[in-house]
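Every chain is numbered from 1 and lettered A, B, ... according to where its sequence line falls, protein lines coming before strand lines.
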Amino acid sequence: MRAGRPSSFCRNQSTVIASAPPLLPGVKPGAGGKAFISSGIRDLDRILGGGFLLGSVVMVMEDAEAPHHLLLLRNFMAQGVVHRQLLFAAPAEEPRTFLGTLPAPVVAFKEDRQRGPRSDHDGQEQSLRIAWQYKKYFGEQQASETYKDAKEFSTDFDLRKSLDRRMLSLQNIDCVSLLKFSTIAPLRELCSSFLSKLTGNDVSVGCAARIAILSLCAPQCRYSDWDMISFVRTLRAMIRSCKAVAVITFPSSVLSPSFLKRWQHLADTLLSVRSVADDDENLAKLLTGYQDMVGLLHVHKVAQVNTQVPVILEANTFSLKLHRRRSLVLERLNQAPVDGSSGTSYGTSGPCSASTKSSSIDF
Amino acid sequence: MAESICRTLRDGSLEGEHATALTIKDSLQSPVGTQAFQHILYSLAANIVAGKSQAQGLVLVVFDHSPFFYLSLLTKKGLDASLLEKNLKVLDCYSDPLGWKERILQSGSAKRETVKESDNIFRDVNDMNKLLSSILDFGKGFAGEGNSHFSIAIDSVSTVLRHASLPSVAGLISNLRSLDQVSSMLWLLHTDLHEPRTIAAIEYISSIVASLEPMVPITDGQNGSENLFWLEKNSQNGKFHVRLKRRNGRVKLLIEEFHMEQAGIKFTPLSSENVVVGQVLMPKLQFNLQLSENERDDRARVVLPFEHQGNGEPIQIYDGRRSLIGSERDHSVLQQEPLPAETEAQSKQVKGEIHYIRDSDDEQVDSDEDPDDDLDI
């Protein structure tokens, strides 16, 4: 860019603005024409590289023993309520009651910034300190520079307080019970009508829609396996053409293995939550922060739409912690300092590799 | 521990939470499920009768044994019969589950047996909705002050699954669990009778899973006489694995041993020779390179030797070549160095230290051989 002489090549400003898609509330643009909406959990947005990709289906594999998928779903739904677009389906008689358990957005922002500025503070200090945490600086700076409206994109939620009832009765927030239907066709109709109502053909009108389905293949549901697979495929096609994101949680242990594979392949982004054993001495010795951990989150797949660049994460497993019982925090697993005097420092890495052969966890 | 299960069932559930639900699983290899169920049922009934539990009554839905069997079992073990009558109601699905006897009686209307039929006979086991409403009616019968809670025990869910499909049974159980008046539930399941998917579904909707495992599982390939020996042993002893889902999302694992005796089943803590270390599934870890506040302060206070302290003196780096004058000056500089360090250290209370833990202590001490020693240039 030469500052002095006017170049013969100048940007045609008007066409640039017209061709760029108008920003919808709550949608963040990313590289390569991607658009993200927030999952409601800041850490998860950061891990997935911006949030849930608009037009993708996110599946969460539940663990039979831990209800952490509810935490993820609640944050997603609360974010949807804040942005006023949500359809929710659950295998319960009264799904509205689940809406009552959604967390409320945190009003006071000054406390939440405690975690963030600490790293910035370090960076400004004397340069004699060796930068252990240099990776943290890169990621956050890039992300914060490109998107100014961070507050509007994702809000922090206080899990101890529940959402204001008045927000739930606004329009565009809809609940449906999975038990009412004996086949899955009505659900499909509902989803398509919801999506067309919200997104519409007119680009300027509308907002990003969210669909949250809790425990789609729960034992109480009477749908046949093939019906559910075809429903998810149709949903995926509908969502890909609209500006929407669907989050579906399903109990993976209830499906037969071949269908479980099919479900996993249908997902654009696949996450799974796992429980953690209580009072496990081995785990306590191996990890720091074991006491606060409530569970583990594993990222199997991240959505890749319209791109050939694969998303390779540094780590795939994160620990779920409740920061002061208020907000959900995802952290990488940290190994506890090894006791060198016992002489088995190389031995402790043994169980890490030996035991993963029995599981499909990424190592 | 069977004790902790009994305590959890006794305590029931909190407001707004689903009821505690226990699944007792057994298999052919360790077929003592019914005895374990009776043991836990007895302790729950004792707690209810004594008034120690959240529930004021117990609804027992029997499929495999007659109601009389259970009443005599509980009174034999020491519960007062009159109190029991007040707090226990039995829904009889054993005598005439599909209503055949009634239909036979109706069709052959002349003969009417003088069997006293109690009102509690349930004749429509195929219909889960009807079962649900009958259980609820029984539960409402425990009129207490305010919210009356009651517990439900189902003799065996395996039998229910024979009559109705999995979605309807799962629906029944989860509907019962979600009611406010139900404080806890327990049921028995025989794993050999069902597909793994069914068992996984029932485990999914329960909050405690207790499984009875044999000491040594018998496989078909083993020697005949050894098989018989273990068969004998497994029917008397075994391991009791319990997985408790806690409210914070963690899972508590407990293992005990059980022994069959004349009086019933007895649970004892695990003897050491049978302890199996659980596999720890560990994903990729990173070392924690972040320091806490205290650690950062300590690190700031460490005085590293030969560090450029920046105390105003010209920085002298010893490079092995020094003149005599220079060495004197160096000497003095070196002597002076500790002083500023000391004052610096004195200004802070504690002098920080670095503790170095050798990675490989299996090497002998002072065996820092220079690996370049055997270079032959």
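- Counting heavy-atom pairs closer than 4.5 Å to chain B, the top residue among Leu71(A), Val294(A), Leu255(A) is Val294(A).
- Under the 3.5 Å distance criterion, the side-chain polar atoms of Arg250(B) are left unmatched by any main-chain donor or acceptor of Ala66(A).
- Between Pro167(B) and Gln220(A), the closest side-chain pair of non-hydrogen atoms is not below 4.5 Å.
- In this structure the side chain of Arg222(A) reaches within 4.5 angstrom of the side chain of Ser168(B), judged on heavy atoms.
- To the nearest 0.5 Å, the span separating CZ on Arg197(B) from CG on Asp225(A) amounts to 4.5 Å.
- Of the possible donor and acceptor atoms, one in the side chain of Lys245(B) sits under 3.5 Å from a partner among the backbone N and O of Ala64(A).
- In terms of heavy atoms, Ile205(B) sits closest to Pro219(A) at CG2-CG, 4.5 Å.
- Here the straight-line distance linking atom OG of Ser275(A) with atom NZ of Lys252(B) works out to 14.0 Å at 0.5 Å rounding.
- For the residue pair Tyr204(B) and Glu65(A), no side-chain donor N or O sits within less than 3.5 Å of a side-chain acceptor on the partner.
- Considering every non-hydrogen atom in both Ala201(B) and Val254(A), the closest pair reads CA-CG2, 3.9 Å.
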